Structures are given as C-alpha cells and as structure tokens.
Amino acid sequence: MAPFFTLQSSRSRVGKMSSKKSSAVYVHEVDYVVHDGVPVVRVFGRDLSGRSVISRFSDFLPYFYCMPETGADAGKLMRRILSPEVAEPSHVIGAGIESKHWEGRKADLVRVTIDSPRNVRSSRSNLGKIPAVEDTYEKDILFKRRFIIDNGVQPLSVLSITGQEIESKLPVGYVVEDCGIEGIEDNYLSISDLRLAVFDIEVSCSTAPDSEKDPIIMIGMLDGEGKRILTWQREFPGAESLEDEGSMLKRFMDIINEKDYDVLMGYNSDSFDLPYMKTRARVNGLRLVLGRDLSEVGYRPGPITGRSIIKGRINVDLYQPVRRMLNLPSYRLCDVYEHLSGRTKKELDMVEVHDLWESGEALDGASIADYCSSDVEATMLIAREILPTLLELSKTTKLLLSDVARMGQSQLVEWLLIREAHRRGILVPNKPRSPEMARRRRETYEGGYVLEPRKGLQGDMVSLDFRSLYPTIIVTHNVDPSTMDCECCEGTNVSPTGQHFCTQKPGFIPSILSGLVERRSEIKQEMSRMDEKDQKYSIRDAMQKALKILSNSFYGYTGYPAARWYSRECAQSVAAWGREYIRTTIETAKSEGFQVLYSDTDSLFISKTDYEGEGLIDEADQLLGKLNSSLPGIIQLEYQGHYPRGFFVTKKRYALIDDSGEIFTKGLEVVRRDWSPIAKDTQRRVIRAILEDGDPQRAAEEVRGSVKAVSERSVPLEDLVIRTTMTKDIEDYESEAPHVALARRLELRGHEIKKGATIEYVVVKGQGKVGDRARLAEDVDPEDYDIDYYIENQILPPSMRILQSFGYRVDDLKYHNTKQQTLDLFG
DNA sequence: TACCAGAGGAG
DNA sequence: AAATCCTCTGGTA
C-alpha cells in the first residue's frame, strides 16, 4: 500500500462502533450532497424487509492524479503539492503516491485528495500548471460514479452497510448516517422486485404548449396494481376529479411519495412531462416534490435534451432507449405501441385535446381520459419490452439504471473500461481535447468489404455469416492499444495494415471483451435448451441482448474520436482483418465450385449449379466445415439461411424470400423512412409479385395500378406524404433541399423547428423546384397534388429499379390504358 | 452533365 | 456524442 499523508485527520468510525448496526440494501440510486463544505454520498434503496433507506457516507472524498514530468520525482512533487502555499488555494487535503499501469509500464503518480467535488475543477487547473506536473488524470470522473467504482458497488444488487439510524422527517423509510461498507453481494433485483410506475400528462393548449399559461388537465399513472387518472373540474368515468390543477399536482405527488416507487418512467418525460409539471407546480404556488428525500424535481440542461432529476428514484425516460434499441420508422408513442403490440392506438393532437377539454365531449365515443389511459398503457408496454435489457446493461456495466438509460454505446463501453481499469490498477486515459479530437476526425481508415452483387433474379441460395466478426477478431488477435507493436512478438500476429499484437499477454480490451463474448455464447447455449415461453428464457434473452449491444460497440468505440481508449490503428487492423477473412472465404467458396452472388462485410450469399434445397444446404454445410477448420481462435462462420428466390438491385439493396415464405428486404425504398407510402406500397407489391409468384407481369400491373390511382387523384393525401428528418438546425444547412425549404417557410409562419424534427410534406403542382412546392399535408387540397411528380419521382423509380432487370421500360409501366386516359381528359 | 450536400440504410 | 460503405435525390453551376 502506498503511503498516504493527510493534512486533516479523517473522521474515525471506531468511536461510534457500538451504536452502529449492520444492514443490507438493494441499491437503486446514488448521488451526493454537500453539507458544511463536506461531501456526503447518498445511496438510495430498499432494505431486505422492503423498507426504503437513504444511507449516507461522509468519509469518501474526491481525488485525481498528477503525473510527474519525465524525470521528475513523484515524492518531491507530492511534497510540493502538500506545501501550504499550493495545498490551501487548491483545496488539497491529502496526497499519496500510487503506481499505475500506463503506456506499457508502471508509473508513479501523485494521488491528490480534494475537500469537495465542487473544488476539483479549480484544483486540477491549479495543479496542472505546476511545471513538474506533466498532466492530470481521472479528474472528470463524476463523484457518484467514483464512489460506485472505488467501492465496487453494484447497482440493483445488495450492499451491506453499517451505520446509525437517525431521526428523519421522511414519511416512509429511514436514514442511516455515518455509513461504512461491509460487503457487496451478487444478489440482483429483477424487474418484478422493483416498484415501478409509468405516468403521462395531458395539456390543454390552442397551439404549442406553453407551460406558463396552458394547464395540465390530466395525469395518468399505471403501476403493477392498476391505473389512476387524475383530472380536475370535469368528471370522466374512471377518473378521480380534483378541485383544480394545483390539487391534482399535489395528489400526484402524494401518490408517488406514499407508494414510494423505485422506478418512475415516462415517454419524453425528461424533456416534456417533468419540466412541464415543475413549471405548473410553480405557477400554482407549489413545488414539484417527488424525490425520495422529499426534494424537488431538478432539471439539468443537456446538449440535445435536458435531463430531469428525481433524487433517489430511478427516473427512466423511455424515449431515448427506444430510439437506440428499436429500429422504427417513427418514434411517436402511438407508432411504437403499434409496432410492439400490433394494435392501433389513437393519438390526439394538441388541438383535439383542447377542443375535447373545452367541450367536455368525446371523440368517436372516447373521452380524453380514455386517451390518457391508453397512453400510460402504451408506455408500460414499451417499458416491459425494453426495461429488461436496460437492467441487464446496468448489471454488466455496473452503472446506475438511470444512467444506462441515457447513455450511448460509446459511454457504456467507456464506463465498463473505466471500472475495469480501476480494478486492474490501470490509469484511465484522458478524454481528447478539441484539437486532438479534430486531428482524429481527419484520420480516416478503410472499413468493410462489399462485393458487387450478381444483379437480377436469383434462384436457390444459402447465406453464411461470421458470428460477431469484429468482436471475435479483437479477441482472437488480441487487438488493443497496449499490445500493439510490442517488442516481444515482432513478425507474428501481424494485421494486414502492418501492426502486430502481442501473443504473450492478453490486452485490456480483448480480455474484457472475451468475457462478454463467452458469457453470451453460454447464455445462448442455455437458451437453445429452454422453452421459449419460460420466464427464465426471456431473462436470458435480455442478458444476451445486453451482451450483444456491448460487444458490438467495442470496435466502433476504438475508432471513435472522442474515446479515451481511441486507437485508429486498432480499429483499422480489425477492419482489415475482417476484409481478409471475408475475401478468403469468397475465394474458397469459388474454388469449391460455388457462385458468390453477394457479400457485405461479414456475410455472403452463395449458390451452386445443379444444387437446390437440401442438396444445396448440404453442400454449403461441407464448405462451412472446411472454412471453419482453417479459421483461427474464436472466429467462426455460421449457416444463416436458405432462400429459394431473391434478387439483388445494387450493393446493400436486395430482397429475398425464405422457405416459410417470409420476405426480407434490405436497403430498398420499402424500408426507408423518406419515401411516400404510395411509393413504398407499390414497390412492396412489386417485390411480392416477383418473389412469391415469380410473376413480373403482375408486378408491372401493380405499378400501372398505382400510376392510375395517382392520375385519378383517388390516392388519399396521407399516402403521398414524404417524411424527412432535420438532422441539423435550419441555419446550419448549406443546401436548400425540399424539407429544408419547407422548414424555412414554416419558421416564418411562427413554427419552431428544432434539430431532430420530422418534416412531412406533399408536393403540389406548379412550376419550379420541388422545395417551393412542398406543403404540409393539412394545407393541401387533394386537387392540388402534383400527379406528375408522384408518378415520375416517387412511384416509377423504385419500381423500375427492380423491373428493369425483367426487361421492362418506363413506358411499359406508365399508363394503365392510354385511351382511357385520353377519354378521361375530355370527359 | 457533373458535382455536392444530405438522408438513411447495411452490416 | 460507436465505426465505414453505399445508393439515391434535389439543387446548382
């Protein structure tokens, strides 16, 4: 143990030992407060008897490391830092020497302890200026996470603590002071052990909601026991009606605090419901108190959307995780619900809610209360779908569930690495500063290999793919910044880009990744022997998904310019090895008499003359055996599927049908969000006609049908809507694409259009650019849509791309019946 | 016609 | 706030 000197004696727990008691707490949330300048970490959770606990730790302090300049002595630097003229203005209250792994060697660092998290920034800036300090490290690790990592705390599992129960004003639960950690148990909560609730608010407003003046008229809540709808002034069947908005908010707070939920979830609750409720509470002379410590809801603005803070409860906004974990054309609550349940749900727009509230009437027999109720049910359904995976991600990364729900893939990987680095005594690299990041962004490298497909209709084929190609390359070849170009292994394990990786000692990243990959394959093994309806099966599935998300993120992480463990050479080597493996596979398949129809990165489609069905599958199996016997390490090629028919249009654009008749479409307009429904539906019918019936003539007929419908104006406007996302703020666009042009006009009309908004437009007839003729569907008369545009630019191109390989030309598809057309014009 | 910016997909 | 590869559109010179 390294020597440790302090300027201030640390609080001793020994004296209070007699009055201390031990308890075990399931950890839900962790944060800290500062009392009289002293940081107190609070662990929120529930004890084994189910009582809510806040345990307070006051002997944990923030710290960071100072790396001495090369040649400078760590001890001397430490003494300098501890000297009053440096220590006092820098809030240093202790320092010690610690040895850490750094860039392939052991380095002695000065670990500097600071009095409070709020002083870390200024302190490291001061100490960083000392000439003998080369750089400071680990100063930007959030204090609550530092506590979790250093103490090995496992969120959602059991923490054994000692401490003194103290008097508190909490209505439920108790507070334990002067806590110390006795142990960590691997005893994780599952979803059914958590008290969870979803909520949703309805606002009445005439245009856009303004939290200063437009009231919340209803709050829906749903937990394991049932649903509650709160409203005011008006009566709705099944709803509890309060006197006014303020009373309703008060009632909401009372329910949350009495039921003492562990998890509170909403859809867009971080950026909408909670901030809105906070403002409405203020307008009504109240404070929105939802914290487990009876604190008010907080709000921290963020780069994209802010984050609402409910102290002590796990606050999950399902919107972001849904966006990340599900690939959907739309992420409106009703659309996500529809996708998951297969049932439709009516979404009310702001104006409809307003009208119904004002009139007190029902729309199509349903009141606002019914819609509010369906909103919370939809939210709960989404929670059931994705919360299990979030829970598993939290268990694997040991991050708080509320953090996991807000982090991207790179952050999940990074925090997993940081925790592991701490365990192994590895110094955590700093985040790159902006010039370094800019430099990294410029250094691009070559990625996966894509083979030009054999175009047109193909018969019987089999697809093979590498099981987790990039993760298995990283593990097999020990790809890691610390193993790269070692002195011991020159000339062995050389990547196609020239770097070699140590074959003697396992690298940091590969050793962590191999654990994840192994666990996943064990779980998948287990699952293959289980009944799919078994509840344990779905838990395994969530575990497996979480491990997959994490394993697949490592490669991208090493090539990510903002990563602490960035290494272009590593990312480059992985991709280069990937290209080598797929190219070798293609060559071997060819030399074994197969035709290789298409290949992309880690997969290939093959066929063999005179072989079909089972015969082809047998042949492919033999090829697979041969290939796998020569693949190194854990890299493995797998049988993916058999397709009796399919066609390739270009790279990354094709459609296949499998033996059960299921159609898989990749890249074509059908699967894209930015084409009109009429264009996508027509293409879908073309694909079906060809793959299901092998009937291009019927396909052509489908196209003519759509052309006719558009010409006759019998297509409903909603099928003509083109949706495009604003990927940046309006003023940042260089070009004047249709959705940008419309967005600019809408802004002049007083609409606020932010980055991320979806612009939905219909093209109307007239002269000039498409952008000038793009209109909101609500502003378009069915007589005004541009028939020619929809035929020439929406229906024909996607369908033609498929049908041209069957010998069709544009004119063959254009007119259903030329004479009829002429007659119509005159009739 | 050639080129660019932009969107959104594949793996 | 993961990477690269790729096709296609609309606008512009």
Side-chain angles (χ1 to χ4, degrees), chain A residues 302-305 320 324 327-329 406-414 417 431-432 437 440-441 443-453 463 465-471 474 549-568 570-576 578-579 582 598-604 640 648-654 664-676 679 722-728 732-742 755 758-759 763 768-774 789 792-794 797-798 800-801:
Chain A
I304 298 158
T305 56
Q320 287 297 338
R324 282 196 291 267
N327 182 19
L328 302 178
R406 289 169 178 82
M407 282 184 181
Q409 296 174 54
S410 74
Q411 284 182 86
L412 293 178
V413 169
E414 190 149 281
L417 293 179
K431 286 186 197 162
M437 203 131 87
R440 291 178 180 183
R441 253 192 280 277
E443 53 179 23
T444 56
Y445 64 90
E446 194 179 341
Y449 171 72
V450 188
L451 174 73
E452 191 64 48
S463 80
D465 61 10
F466 283 93
R467 175 198 65 129
S468 306
L469 180 64
Y470 287 1
I474 293 173
I549 289 171
L550 281 171
S551 334
N552 285 342
S553 308
F554 277 72
Y555 156 74
Y557 174 81
T558 59
Y560 174 50
R564 291 173 190 262
W565 276 274
Y566 171 84
S567 168
R568 190 211 75 225
C570 288
Q572 193 173 27
S573 295
V574 172
R579 291 193 300 275
I582 196 72
Y598 179 56
S599 167
D600 186 347
T601 311
D602 60 357
S603 67
L604 69 162
Q640 199 275 325
F648 297 96
V649 178
T650 57
K651 287 175 176 179
K652 300 193 187 279
R653 292 161 65 86
Y654 59 92
F664 301 88
T665 308
K666 300 291 179 185
L668 295 170
E669 286 74 5
V670 173
V671 301
R672 292 181 63 96
R673 297 197 290 260
D674 55 351
W675 284 80
S676 60
I722 298 165
R723 294 181 173 78
T724 317
T725 310
M726 298 288 291
T727 57
K728 34 176 127 175
D732 297 335
Y733 277 98
E734 288 184 36
S735 72
E736 204 68 8
H739 69 293
V740 181
L742 176 57
K755 180 169 23 179
T758 305
I759 306 294
V763 178
K769 293 179 286 191
V770 176
D772 296 337
R773 298 184 280 122
Y789 175 82
E792 300 293 337
N793 298 45
Q794 289 284 320
M800 263 312 294
R801 280 191 268 277

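Please read these numbers as outputs of a predicted model, since none were measured by experiment. A note on names: the letters A, B, ... follow the listed sequences, proteins ahead of strands, and every chain is numbered from 1.
- Y560(A) contributes atom OH, which lies 8.0 Å from atom CZ of R441(A) (distance to the nearest 0.5 angstrom).
- Comparing dC5(C), dC8(C), dG6(B) by their nearest atom to the side chain of E734(A) picks out dG6(B).
- Within 4.0 Å (heavy atoms only), R773(A) reaches no atom of the nucleic acid at all.
- Among dG10(C), dG6(B), dG8(B), the nucleotide with an atom closest to any side-chain atom of T725(A) is dG8(B).
- Computed from coordinates, the D772(A) CG to dT12(C) P distance equals 9 Å when rounded to whole Å.
- Side-chain nitrogen and oxygen atoms of K728(A) include at least one within less than 4.0 Å of the OP1 or OP2 phosphate oxygen of dG6(B).
- With distances taken from any side-chain atom of K769(A) to the nucleotides dG10(C), dT12(C), dG9(B), the minimum falls on dT12(C).
- Between the CG atom of L469(A) and the C1' atom of dC5(C) there is a distance of 15 Å, rounded to whole Å.
- Nucleic acid contact class of G556(A) (heavy atoms, under 4.0 Å, all strands): base.
- Donor-acceptor pairing under 3.5 Å is lacking for the side chains of Y557(A) and Q409(A).
- When heavy atoms are screened at a 4.0 angstrom cut-off, Y470(A) is found touching no nucleic acid atom at all.
- Out of dT4(C), dA5(B), dC8(C), the shortest distance to the side chain of S735(A) is found at dA5(B).
- Between the P atom of dA10(B) and the CG atom of L604(A) lies a distance of 19 Å, rounded to the nearest Å.
- Salt bridge R579(A)/E446(A): present, at least one basic N to carboxylate O contact under 4.0 Å.
- The CZ atom of R406(A) sits 12.0 Å away from atom CD of Q411(A), with the distance rounded to the nearest 0.5 Å.
- For the pair L412(A) CG and dA2(C) P, the computed distance is 9 Å after rounding to whole Å.
- For V671(A), counting side-chain heavy atoms from C-beta on, the closest listed nucleotide (dA10(B), dG11(C), dA1(C)) is dA10(B).
- Taking atom OH of residue Y654(A) and atom C1' of nucleotide dC5(C), one finds them 14 Å apart after rounding to whole Å.
- Residue R801(A) has a polar side-chain atom (N or O) positioned under 4.0 Å from OP1 or OP2 of dT9(C).
- Atom CG in L668(A) sits about 12 Å away from atom P in dT9(C), given to the nearest Å.
- Among the atoms of the strands shown, none is found under 4.0 Å from any heavy atom of Y598(A).
- Listed candidates were dG10(C), dG9(B), dG6(B). Nearest to the side chain of P738(A) is dG10(C).
- Side chain of R653(A), nearest nucleotide from dT7(C), dT9(C), dA2(C): dT7(C).
- In this structure, W675(A) reaches the sugar-phosphate backbone alone: every heavy-atom distance under 4.0 Å involves primed, P, OP1 or OP2 atoms, never a base.
- Put simply, CD on E792(A) is 16 Å from C1' on dG10(C), counting in whole angstrom units.
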Steps toward side-chain contact (heavy atoms from CB on, under 4.5 Å) verdict (D600(A), K651(A)): CA-CA 8 Å; D600(A) 186 347; K651(A) 287 175 176 179; over 6 Å; no

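- With dC8(C), dC5(C), dG11(C) as the choices, the nucleotide that has an atom nearest any side-chain atom of K652(A) turns out to be dC5(C).
- Among the heavy atoms of the strands lying under 4.0 Å from R324(A) are primed sugar atoms or P, OP1, OP2 only; no base atom is included.
- An OP1 or OP2 oxygen of dG10(C) is reached within less than 4.0 angstrom by a side-chain nitrogen or oxygen of Y789(A).
- Counting any heavy atom pair closer than 4.0 Å across all strands shown, S553(A) reaches no nucleic acid atom.
- If you check every strand for non-hydrogen atoms under 4.0 Å, F664(A) touches nothing.
- Note on R673(A): only backbone sugar-phosphate atoms sit closer than 4.0 angstrom, heavy atoms only; bases stay farther off.
- In this structure, OG1 in T758(A) is found 14.0 Å from CD1 in I722(A), a value given to the nearest 0.5 Å.
- Under the 4.5 Å side-chain criterion, counting only non-hydrogen atoms from C-beta, S553(A) is not in contact with L412(A).
- Across all strands, Y733(A) comes closer than 4.0 Å only to sugar-phosphate atoms, never to a base (heavy-atom distances).
- The side chain of N793(A) lies closest to dG10(C), out of dT9(C), dT7(C), dG10(C).
- Taking atom CD1 on I549(A) and atom P on dA2(C), their separation rounds to 13 Å, with Å as the unit.
- Residue Q411(A) has its side chain nearest to dA1(C) when only dA1(C), dA10(B), dG9(B) are considered.
- Both G559(A) and G768(A) lie close to DNA chain C; mapped to their nearest nucleotides by heavy-atom distance, the more 5′-ward contact belongs to G559(A).
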